[in-house]
**Student:** 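One structure coming up, written as structure tokens, with questions to follow.
As the structure is a computational prediction, the values presented were derived from the model and not from experiment. The basis for the numbers below is simple: all heavy atoms, side chains too, and nothing from hydrogens, waters or symmetry mates.
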Amino acid sequence: MKALVYEGVETLGFRDVAGPVPAPDEHLIKVEAVGICGSDMHAYLGHDARRPAPLILGHEAAGLIIGGAKDGLRVTVNPLVTCGVCPACSAGRENLCPTRQIISMQPREGAFAQYISMPMQNLVEVPQDVPLTKASLAEPLAVSWHAVRLATEASHPLADRRALVIGGGAIGLAAALALRAMNIAEVTIVEPNETRRAFLKGLGETAVSEATETFPIVIDAVGYRATRASASAMAEPGGVIAHVGLGEDSGGLDIRRMTLQEITFIGTYTYTARDFLDTSQAIFDGRLGPLDWFEKRDLSEGAQAFADLRAGVVAAPKIILDPWP
């Protein structure tokens, strides 16, 4: 099969590789759409030791089951494979499973390929009227859905229904959509890139270069020292910061202010199985809007797509690759 392979820092090769051999409890899936994630970019830049070269990246996928009783079933893929029996899994917090694996990270190859194999419990059926490109957004949307759910649950019941999202990429935009789906009506996105900011405004979002007020809920969808500093400053007393991005490992938080003002900080990672199902259903029901803010390219053009993202010249929050142009 054809695959886009991470071969070293800022180096991707489109080439033939051996196809996956499904385990007895897995299905072979023909990948029809796969998105480029920020974590793929971190690996591409050599910033993720969990993703050493050579490796097939990509974990935001949707496609068709090939073979067996469910042949032809349209599915979106939850890429997080867990044991199902540990205390975390039993408590419905599968994202904290100590033996969790995710495709695009060793030992599981990713979905920048024509085929992958996954257990049935990781697949959600997609209705016929929902395009698989849109269904492939379930994974990044679920990341934000999980973060927003935790933030709203931790927020004071009498707090204003306002929120700030730092970062206007796919995760930030998805957080804004999830916030509104959870009845947070007033959402502001901070995005310093003028091109992307203009794109967000075209979608009807409130996008600014910097925030000038404090908010009860702050979502850091970037995760750099500077954005954590902004989140510390922009959370109002008694507010909540949900931290999603993994841009830098340390620095930025104003611990003194967070302590004196009783600001809650929540680290959020991926999603639970329930979050993924709820997000998928919200996509199918149209509660997250038209979800037409992606750019589609062929998988064979993946290396250039990464280079364009690296150069900051892509306005759309998401690039989705097609392995079968």
**Student:** Should we count CD of Glu153 as having more than 12 external heavy atoms under 6.0 Å?
**Tutor:** yes

**Student:** Against Arg257, only a single residue in Leu260, Thr259, Asp254 fulfils side-chain contact (heavy atoms from CB on, under 4.5 Å); can you say which?
**Tutor:** Asp254

**Student:** Could you walk me through whether Arg297 and Asp322 pass salt bridge (charged side-chain N to carboxylate O under 4.0 Å, His left out), step by step?
**Tutor:** CA-CA 6 Å; Arg297 303 192 191 184; Asp322 178 3; over 6 Å; no

**Student:** Rounded to the nearest 0.5 Å, how far apart are CD1 of Ile189 and CG of Leu173?
**Tutor:** 5.5 Å

**Student:** Can you confirm whether more than 12 heavy atoms, excluding those of Glu262, are under 6.0 Å from its CD atom?
**Tutor:** no

**Student:** Using the ring pair (Phe, Tyr, Trp, His ring centres under 6.0 Å) rule, pick out the option among Phe112, Phe306, Tyr6 that qualifies with Tyr44.
**Tutor:** Phe306

**Student:** Roughly how far, to the nearest 0.5 Å, is CG of Leu253 from CZ of Arg225?
**Tutor:** 10.5 Å

**Student:** Tell me whether the count of non-hydrogen atoms from other residues, nucleotides or ligands lying under 6.0 Å of CZ in Arg162 goes above 12.
**Tutor:** yes

**Student:** Which pair of non-hydrogen atoms, one from Ile116 and one from Ala111, has the smallest distance, and what is that distance?
**Tutor:** CG2-CA, 3.7 Å

**Student:** Salt bridge (charged side-chain N to carboxylate O under 4.0 Å, His left out) for Glu191 and Lys201? Distances and angles first, verdict last.
**Tutor:** CA-CA 11 Å; Glu191 173 52 60; Lys201 289 179 178 179; over 6 Å; no

**Student:** Inspect the surroundings of CD in Glu210 and state if more than 12 heavy atoms from other residues, nucleotides or ligands are less than 6.0 Å away.
**Tutor:** no

**Student:** Write out all pairs satisfying ring-ring contact (aromatic ring centres under 6.0 Å, His included) with one or both partners inside residues 145-204, taking only residues at least two apart or from two chains.
**Tutor:** none

**Student:** Given Arg149, which partner from the list Thr268, Thr279, Asp278, Thr272 fulfils the side-chain contact (heavy atoms from CB on, under 4.5 Å) test?
**Tutor:** Thr272

**Student:** Side chains of Thr82 and Glu94 only: does a donor on one sit below 3.5 Å from an acceptor on the other?
**Tutor:** no

**Student:** Within a 6.0 Å radius of atom CG on Asp292, are there more than 12 heavy atoms belonging to other residues, nucleotides or ligands?
**Tutor:** yes

**Student:** Do you know the tightest heavy-atom contact between Gly167 and Ala221?
**Tutor:** O-CB, 4.4 Å

